**Q** 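The structure under discussion is supplied below as structure tokens; questions concerning it will follow.
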Amino acid sequence: MKTEDKVSGPVSSRRSGPLSGDVHVPGDKSMSHRSLILGGLAIGTTEVEGLLEGEDVLCTAEAMRQMGATIVRQDDGTWQVTGVGVGGLSEPDGVLEMGNSGTAARLLMGLVASAPFNSFFAGDASLHKRPMKRVATPLSKMGATITSRSGDRFPLCVTGRDLMPIEYELPVASAQVKSCVLLAGLDTPGITTVIEPKPTRDHTENMLRHFGAAVSVEEREDGGRVISLQGQQELRAAKVVVPGDPSSAAFLATAAAIIPGSDVTIRNVGLNPLRDGIFQTLGDMGADIEILDVRTEAGEQVGDMRVKGGLLKGIEVPPARAISMIDEYPVLFVAAAYAAGTTTMLGLEELRVKESDRIAVMAEGLKACGVKLEEKEDGLIIHGNALPPKGGATVKTELDHRIAMSFLVLGMGSEEPVTVDDGSVMETSFPGFTQLMNSLGAKIA
Ligand code: S3P
């Protein structure tokens with residue numbers, strides 16, 4: 001995207017006509033981070049097609065460069081990553097700047113834990129509030145030293161050394177923690193094992209295998225998974241095709257679903273079964289969503305999605321589904337505000353420690369837009385009445401890209417326009433959000 005297209009300052013959306021069009025969304029954020037990290041370690045040159053060029057992913061690219069990987073964007077938009085080999089990272093000259101990205105922070109902390117140097121990490125005000133104990137604990141058990149502010153928060157330093165493999169059962173269902181431990185296990189002798197009582201997104205395992213690592217995944221009878229990685233094996237460069245991010249597609253799908261008469265097709269959306277909860281849930285609420293041409297690319301399921309507008313109904317969202325749609329609750333809250341009846345969304349404690357406290361920030365903004373709701377410690381109960389919300393508020397985004405985009409979707413159907421105080425945060429995960437939405441008929445300025 002050209003610099004002059006970048007959004008800064010307040011952004012408003014107002015009631016928009018039916019949305020229509022046939023579009024792609026930017027690449028998957030989770031897979032983009034991983035392609036740069038594993039490509040940056042592998043022997044040879046990895047070509048990445050469809051990389052998300054959002055600020056979060058660019059932080060990972062820069063950090064990998066600081067540790068010796070060669071990462072170059074080609075004129076055709078593909079990226080070439082030449083790795084240093086497992087165990088070949090070099091000591092970064094400066095601080096590793098993680099910006100807003102919890103994923104970059106937690107995955108790279110794991111990666112450097114086995115490297116024989118100090119890595120200093122910092123980020124923005126949002127990242128400095130987020131809990132890092134969840135990764136510091138397993139890394140310390142493996143032998144690394146984490147020196148941080150009180151509460152194990154950023155900024156912090158990881159002192160890496162030769163590690164011991166561990167068997168670690170995740171106390172919180174988190175793909176970031178799982179990935180952190182597996183990446184620490186890459187240059188550790190023996191077998192590193194992560195046990196997850198509830199399966200989380202499996203892009204790290206899938207991509208490690210794609211790069212030739214020996215990873216085994218055992219499905220337990222109780223639904224849990226045991227993931228084991230043989231350490232100190234070289235990775236081989238492999239082409240990665242990154243599908244469209246389902247978390248970004250969710251904003252378009254919700255906007256199309258709540259605006260009557262809309263008909264939008266989103267091509268090449270990642271449909272990993274551990275990520276697709278939002279589409280099931282919108283379907284349960286009565287949204288007209290059709291998934292077309294499902295196929296497998298680079299070990300991941302992808303498909304095209306056609307969404308038509310109509311009236312949604314309130315439902316009780318199964319808490320067990322939360323892991324497969326954890327990033328999509330802010331926009332689901334918006335869908336619930338347009339639905340007929342009550343939508344109950346509980347079991348969401350983790351939302352309080354995302355880029356912002358997404359339960360509190362969404363509750364405050366929704367109330368300011370005239371939405372009736374009850375805030376619980378672990379979620380929201382939203383009472384829709386089948387009419388568009390009033391809108392007419394300016395909402396604080398609190399350095400949270402998904403808060404910004406969710407309220408812009410809300411304003412696309414509300415009686416009065418909705419303003420978010422800082423549109424620049426959308427660059428984190430969805431560069432070009434405004435232009436893409438406007439190309440479908442939205443009125444965002
Ligand atoms: C991510 C995992 C999730 C998600 C985040 C991306 C990843 O975080 O919210 O946006 O790429 O592994 P948790 O692991 O904290 O649940």
Side-chain angles (χ1 to χ4, degrees), residues 26-38 51-52 54-57 59-60 98-111 123 126-127 129-138 152 154 168 170-184 194 196-208 225 227 240 242-243 245-251 270 272 274-278 300 319-332 347-359 378 399-403 405-406 425-426 428-430:
D28 186 75
K29 182 156 73 68
S30 293
M31 288 182 66
S32 295
H33 283 296
R34 288 156 173 84
S35 68
L36 295 173
I37 294 172
L38 297 187
L51 187 91
L52 168 66
E55 283 172 357
D56 272 18
V57 174
C59 286
T60 292
M98 301 288 99
N100 189 250
S101 180
T103 307
R106 295 187 177 123
L107 269 54
L108 290 171
M109 283 173 67
L111 184 74
S126 154
L127 190 56
K129 285 188 206 151
R130 299 184 66 185
M132 292 297 156
K133 194 174 184 138
R134 54 182 63 196
V135 283
T137 300
D152 294 273
F154 263 36
Y168 190 66
L170 296 183
V172 276
S174 163
Q176 292 176 355
V177 179
K178 167 176 65 179
S179 305
C180 168
V181 176
L182 292 174
L183 291 173
V194 179
E196 46 178 12
K198 294 179 189 152
T200 65
R201 63 187 73 191
D202 55 0
H203 304 298
T204 301
E205 301 89 298
N206 294 345
M207 213 180 281
L208 275 167
R225 288 187 176 184
I227 301 123
V240 179
V242 180
D245 196 327
S247 300
S248 298
F251 294 105
N272 180 310
L274 295 166
R275 296 282 302 279
D276 68 355
I278 183 65
E300 295 276 348
R321 205 183 274 168
I323 306 176
S324 67
M325 51 182 291
I326 196 67
D327 291 335
E328 285 67 75
Y329 279 94
V331 80
L332 180 64
L348 313 176
E349 303 79 358
E350 275 294 299
L351 287 196
R352 296 222 178 253
V353 291
K354 293 293 180 188
E355 286 82 331
S356 67
D357 175 344
R358 287 183 171 159
I359 296 177
D378 66 337
L399 289 176
D400 190 334
H401 51 131
R402 300 200 201 280
I403 300 286
M405 293 185 280
S406 298
V425 293
M426 296 187 283
T428 297
S429 67
F430 201 150

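Quick caveat: nothing in here was measured; it's all calculated off a predicted structure. Whatever order the structure lists ligands and atoms in, that order sets their numbers, starting from 1. These numbers come from the heavy atoms of this one structure, side chains and all, not from hydrogens, waters or symmetry mates.
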**Q** Considering Lys354, His203, Glu350, which one's heavy-atom position lies nearest to atom 3 (C) of ligand 1?
**A** Lys354

**Q** Do you know which two heavy atoms are closest between Pro330 and Arg402, and how far apart they sit?
**A** CB-O, 4.1 Å

**Q** Looking just at side-chain N and O atoms, do Ser30 and Arg201 make a donor-acceptor pair shorter than 3.5 Å?
**A** yes

**Q** Does a salt bridge link Arg275 with Glu300, judged by any charged N lying under 4.0 Å from a carboxylate O?
**A**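 Answer for the salt bridge query: no.
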
**Q** Side chains of Ser179 and Arg34 only: does a donor on one sit below 3.5 Å from an acceptor on the other?
**A**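 Per modelled atom types, Ser179 and Arg34 side chains form a pair under 3.5 Å.
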
**Q** Between Thr204 and Lys178, is any side-chain donor less than 3.5 angstrom from a side-chain acceptor?
**A** no

**Q** Which residue holds the protein heavy atom closest to atom 11 (O) of ligand 1, what is that atom called, and what is the gap in Å?
**A**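 Nearest neighbour among protein heavy atoms for atom 11 (O) of ligand 1, to 0.1 Å: Ser30 OG, 2.7 Å.
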
**Q** Could you list the residues that satisfy side-chain contact (heavy atoms from CB on, under 4.5 Å) with Ala105, not counting sequence neighbours?
**A** Met98, Leu127, Met132, Phe154

**Q** Counting heavy atoms only, which part of His33 comes closer than 4.0 Å to ligand 1: side chain, backbone, both or neither?
**A**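 Within the 4.0 Å criterion, His33 makes no contact with ligand 1.
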
**Q** Name the closest protein heavy atom to atom 14 (O) of ligand 1, giving the residue it belongs to and the distance to 0.1 Å.
**A** Ser174 OG, 2.7 Å

**Q** Against heavy atoms of Ile326, which atoms of ligand 1 measure under 4.0 Å?
**A**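 In order of number, 9 (O).
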
**Q** Looking only at protein heavy atoms, which one is nearest to atom 6 (C) of ligand 1, and how far off is it?
**A**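 Checked against all protein heavy atoms, atom 6 (C) of ligand 1 sits closest to Thr103 OG1, 3.3 Å.
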
**Q** Listed by chain and number, what are the ring pair (Phe, Tyr, Trp, His ring centres under 6.0 Å) partners of Phe430, not counting sequence neighbours?
**A** Phe433

**Q** In the protein, what heavy atom is nearest to atom 12 (O) of ligand 1, and what distance, to one decimal place, separates them?
**A**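 Nearest neighbour among protein heavy atoms for atom 12 (O) of ligand 1, to 0.1 Å: Arg34 NH2, 2.7 Å.
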
**Q** Which is it for Arg130 and ligand 1 at heavy atoms under 4.0 Å: side chain, backbone, both or neither?
**A** neither

**Q** Give the atom numbers and elements of ligand 1 that come within less than 4.0 Å of a heavy atom of Ala175.
**A** 12 (O), 14 (O)

**Q** Under 4.0 Å from any heavy atom of Asp327, which atoms of ligand 1 are there?
**A**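 Those of ligand 1 that fall under 4.0 Å from Asp327 are 4 (C), 5 (C), 9 (O), 10 (O).
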
